[in-house]
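Input: a single structure, listed below in structure tokens.
All heavy atoms count here, side chains included; hydrogens, waters and symmetry mates do not. Quick caveat, the model's predicted, so the values are computed rather than measured.
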Amino acid sequence: MPNRYKLTQSYFLNSDVVSLAKQLLGCYIHTEINGNYCSGIITETEAYAGKNDKACHAHLGRFTERTKVMYEIGGIAYVYLCYGIHHLFNIVTNTAGNADAILIRAAEPTEGVEHMLERRNKLKLTPQLTAGPGNFSKAFGITKQHNGLTVTEHQIWLSQGTSITEKDIVKTTRIGIDYAEEDALLPWRFYLKENKFVSKKSLS
DNA sequence: TAGGTGATCTTG
DNA sequence: AAGATCACCTAT
């Protein structure tokens, strides 16, 4: 694996979840699960801004068995089951009590593609192998059993990537949150403009 | 474009 | 205790 700087917990304590969601683009994500090492470049993220965001599971301080890890200190995983099938991977950010999180929606594979293909039951590397939050998590081997684990040590960790500038980033609305009324219009989904490993290109 | 899928949450 | 909901994906 390339020698890169691992992102430490302090990186995830940023109180500006929207700007951090952008900064994660271009960073590497690594997993080593059941001995299978994989890595990829993060290409698509969404920001969820805690209690004041109608699209966030922690909106209005909702505190349940499922959402409780969102209130912990930044730098841990929030993984939950969506539509009965998909394990969606989020990184909790900010200091404890804020419940901010960033959904990782897609990545471009760099290492361990054979493990991704096997987990996804595919033969060829195509964008849909790792684009879309359910596909991404499955390819990288992330499941609900990683809920609450740090993303700065073993099993799941991130490292610095190439620097990305504003002009490389598309900002658009988040997906699948029509119930969030006016917050559904916030441009809090970010992806790398020239990258094919993205779940859904915005119109225009 | 519709249907599968099942944990989670809300309501009665 | 039951029904609605859901940060999605795949194949017709």
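- When the nucleotides C:dA7, B:dC9, C:dC9 are ranked by their closest atom to the side chain of A:R120, C:dC9 comes out on top.
- For B:dT10, the OP1/OP2 oxygens have a side-chain nitrogen or oxygen of A:R62 closer than 4.0 Å.
- The nearest heavy atom of DNA chain B to A:C82 and to A:E65 marks one nucleotide each, and the one closer to the 5' end goes with A:C82.
- A sub-4.0 Å separation between OP1 or OP2 of C:dA7 and a side-chain N or O of A:R189 is absent.
- Taking atom NZ of A:K54 as the reference point, atom C1' of C:dC6 lies 18 Å away to the nearest angstrom.
- Paired runs in DNA chain B that reach 3 or more consecutive Watson-Crick or G-U pairs, where each pair keeps both distances under 3.5 Å, cover B:1-4 with C:8-11, B:6-11 with C:1-6.
- Between A:E46 and A:Q128, the residue anchored closer to the 5' end of DNA chain C is A:E46, taking for each the nucleotide with the nearest heavy atom.
- Relative to the ring axis of A:F190, A:R105 does not place its NZ or CZ within 45° and under 6.0 Å from the centre.
- Here the C1' atom of nucleotide B:dA7 and the NE2 atom of A:H87 are 10 Å apart, to the nearest Å.
- Note: A:H57 and A:Y80 meet the aromatic proximity criterion, with ring centroids under 6.0 Å apart.
- Nucleotide C:dT5 holds its P atom 17 Å from the CD1 atom of A:I177, rounded to whole Å.
- Judged by closest nucleotide on DNA chain B, A:I85 is the one of A:I85 and A:R66 placed further toward the 5' end.
- Between the side-chain ring of A:Y83 and the base of B:dG4, no stacking contact exists by the 5.5 Å and 30° definition.
- Per the geometry, CG belonging to A:L81 stands 12 Å off C1' belonging to C:dA7, to the nearest Å.
- The salt bridge (charged side-chain N to carboxylate O under 4.0 Å, His left out) contacts involving residues 67-79 of chain A comprise A:E65-A:K68, where partners must be two or more places apart or lie in separate chains.
- Using modelled atom types, one side-chain atom of A:T67 and one backbone atom of A:T64 make a donor-acceptor pair closer than 3.5 Å.
- Nucleotides C:dT5 and B:dG3, compared at atom C1', are 16 Å apart to the nearest Å.
- Nucleotides C:dG3 and B:dT5 are separated by 16 Å at their C1' atoms, to the nearest Å.
- A:E166 and A:K22 are joined by a salt bridge, as a carboxylate oxygen and a charged side-chain nitrogen come within less than 4.0 angstrom of each other.
- Rounded to whole angstrom, the span from the NZ atom of A:K68 across to the P atom of B:dC9 amounts to 11 Å.
- Between the side chain of A:H86 and the base of C:dA7, no donor-acceptor pair of N or O atoms lies under 3.5 Å.
- We find that A:K51 and A:D100 are not joined by a salt bridge, their nearest charged nitrogen and carboxylate oxygen being 4.0 Å or further apart.
- Here C:dA7 presents its C1' atom at 15 Å from NE2 of A:H59, a figure rounded to the nearest Å.
- Closest contact between the side chain of A:K144 and the listed nucleotides C:dC6, B:dT8, C:dT10 involves B:dT8.
- Residues A:K54 and A:E181 are paired through a salt bridge, judged by an N-O separation under 4.0 Å between the basic side chain and the carboxylate.
- Here A:N90 lies in heavy-atom contact (under 4.0 Å) with a base.
- The closest donor-acceptor contact from the side chain of A:Y48 to the backbone of A:W188 lies at 3.5 Å or more, if one exists at all.
- Across the protein-nucleic acid pair, A:L103 atom CG and C:dA7 atom P stand 10 Å apart, rounded to whole Å.
- In this structure, the nucleotide among C:dC9, B:dA7, B:dT8 sitting nearest to the side chain of A:P133 is C:dC9.
- Residue contacts for A:T64: at a heavy-atom cut-off of 4.0 Å it reaches the sugar-phosphate backbone alone, with no base atom in range.
- Rounded to an integer number of Å, the gap from CG of A:L129 to C1' of C:dC8 is 16 Å.
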